[in-house]
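Quick notes on the structure that follows.
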Amino acid sequence: MNNDQLEGKWKQIKGEFKQKYGKLTDDDVTYSEGKFDEMMGRLQEKTGKSKEELQREIDKW
């Protein structure tokens with residue numbers, strides 16, 4: 001899955017992700033154009049998962 005597909009899918013599932021990882025805030029899951037990698041870094045920091053693990057989890061949705 002490329003970044004464009006991942007970004008599109010993220011828009012669909014960010015609410016579910018916030019429910020699963022209660023530490024996440026709206027700022028953590030907000031995607032700004034060109035800042036997807038930065039957002040993924042915040043998710044990695046808050047969840048303790050690697051970028052690859054997060055991408056696999058997103059892919060499952």
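In this chain, numbering begins with 1 at the start of the sequence shown.
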Option among Glu52, Glu53, Lys49, Lys51 that satisfies the side chain to side chain contact (heavy atoms under 4.5 Å, CB included) test with Gln44: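 Filter result, single survivor: Lys51.
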
Nearest 0.5 angstrom please: [X] [atom1] to [Y] [atom2], how far?
| X | Y | atom1 | atom2 | value |
| --- | --- | --- | --- | --- |
| Lys14 | Asp26 | NZ | CG | 7.5 Å |
| Asp37 | Met39 | CG | CE | 9.0 Å |
| Glu57 | Glu16 | CD | CD | 10.5 Å |
| Leu24 | Glu45 | CG | CD | 11.0 Å |

Where do Val29 and Leu43 come nearest, in terms of heavy atoms and distance?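 Heavy atoms of Val29 and Leu43 come nearest at CG1-CD2, 4.0 Å.
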
Heavy-atom pair with the smallest gap, counting every atom of Lys23 and Lys46: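 Heavy atoms of Lys23 and Lys46 come nearest at O-NZ, 3.6 Å.
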
For residues Tyr21 and Asp28, determine if any side-chain heavy atom of one lies less than 4.5 Å from a side-chain heavy atom of the other.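 No, their side chains stay 4.5 Å or more apart.
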
